[in-house]
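For the single chain, residues carry numbers from 1 onward in sequence order. Just so it is clear, the structure is predicted and the values come from calculations on it, not from any experiment.
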Amino acid sequence: MVAVGAAPAAAHTGGSNCQGNLAQSGATYQGSCTFPFQGYPIGMAAVYEPSSTDPTPKPSQIHAEVLLKPAFGTPQTIAMECYAPDPNADGTIPKVYGPMRCRREYNAPQADAQFTLPEPFPAEIVSMQCSAHSHATYSRLYPPSGTFACWSTNEARQDLEEDGVFAAMGF
């Protein structure tokens, strides 16, 4: 099992990407960060690993999504998300043990039918919020670990690659 520790220190700062670690919050592990929107593609990646020393193996699950924050109006969730593994045809998530990883990237909404919004796509997007979480069971004696990252533009993804974020996630 690949050890996933803290996200590496970023050499590229102030760009249109963000990253973080999943942390315990109530009964789940989650994290979020905000980054400026500077163009397409928009992407996300996340990893969740149950403890390798837990004597009772537990299934893994990870989910990441992006929330649009327009210049005017309320933030909107776009149907741009990744699960690991992909849901079954009936929408259930298969039980998988060991590290779970998801990584997805999307282009402009006009060219990609994977974006769905209850309202028209905002004319001006100011920033985006990247959120990752897991509802997988875990033992408090053997805590899991996880990291996540999101980006806006090819350059922001490249910065994350150069900072070693994806290598740390095991991609």
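Between the side chain of D90 and the main chain of T92, a donor-acceptor pair closer than 3.5 Å is present. With hydrogens and angles ignored, the 3.5 Å screen pairs a side-chain donor or acceptor of S134 with a backbone N or O of Q61. S25 contributes no side-chain N or O that, together with a main-chain N or O of T28, makes up a donor-acceptor pair within less than 3.5 Å. In this structure, the side chain of R101 engages the main chain of M169 through a donor-acceptor pair within 3.5 Å. Between the side chain of S16 and the backbone N or O of Q38 there is no donor-acceptor pair closer than 3.5 Å.
The other members of the hydrophobic cluster of Y142, by chain and number, are L141 (side-chain heavy atoms under 4.5 Å, ILVMFWY only).
Nearest heavy atoms, V126 versus P70: CG2-C, 3.9 Å. For the residue pair F171 and V47, the shortest heavy atom distance occurs at CE1-CG2, 3.9 Å. The two atoms that bring A46 and A64 nearest to each other are CB-CB, 4.1 Å, heavy atoms only.
Between Y40 and Y106, the distance from one ring center to the other does not fall under 6.0 angstrom.
Y29 is listed as a side-chain neighbour of P144, based on a closest heavy-atom distance under 4.5 Å. You'll find the side chain of T153 stays beyond 4.5 Å of the side chain of R157, heavy atoms only. Counting heavy atoms from C-beta on, the side chains of I62 and F148 never come closer than 4.5 Å.
For the ring pair (Phe, Tyr, Trp, His ring centres under 6.0 Å) test, no residue two or more places apart in sequence or in another chain qualifies with F35. The salt bridge (charged side-chain N to carboxylate O under 4.0 Å, His left out) check on E155 picks up nothing, with sequence neighbours excluded. Evaluation of the side-chain hydrogen bond (donor to acceptor under 3.5 Å, both in side chains) rule for T53 yields S51 as partners, not counting sequence neighbours. Residues that satisfy the salt bridge (charged side-chain N to carboxylate O under 4.0 Å, His left out) test with K58, not counting sequence neighbours, are D54.
With respect to M128, the side-chain contact (heavy atoms from CB on, under 4.5 Å) criterion is satisfied by exactly one of I42, L67, N17: I42. A side-chain contact (heavy atoms from CB on, under 4.5 Å) with S32 is found for exactly one of H133, E65, Q129, namely Q129.
Taking hydrophobic clusters as Ile, Leu, Val, Met, Phe, Trp and Tyr residues chained together by side-chain heavy-atom distances below 4.5 Å, Y97 does not share a cluster with L22.
Residue pairs that meet the disulfide bond (SG atoms under 2.5 Å apart) test with at least one member in residues 132-163, sequence neighbours left out, are C130-C150.
At a cut-off of 3.5 Å, with distance as the only test, a side-chain donor of W151 or E105 sits close to an acceptor on the other residue.
Within the model, atoms CD of Q19 and CG of L160 stand 6.0 Å from one another, a figure rounded to the nearest 0.5 Å. Interatomic distance, OG of S60 versus OH of Y138, reported as 14.0 Å (0.5 Å rounding). Residue H63 holds its NE2 atom at 9.0 Å from OG of S131, rounded to the nearest 0.5 Å. Put simply, CD on E49 and OG on S145 are 5.0 Å apart, with the number rounded to the nearest 0.5 Å.
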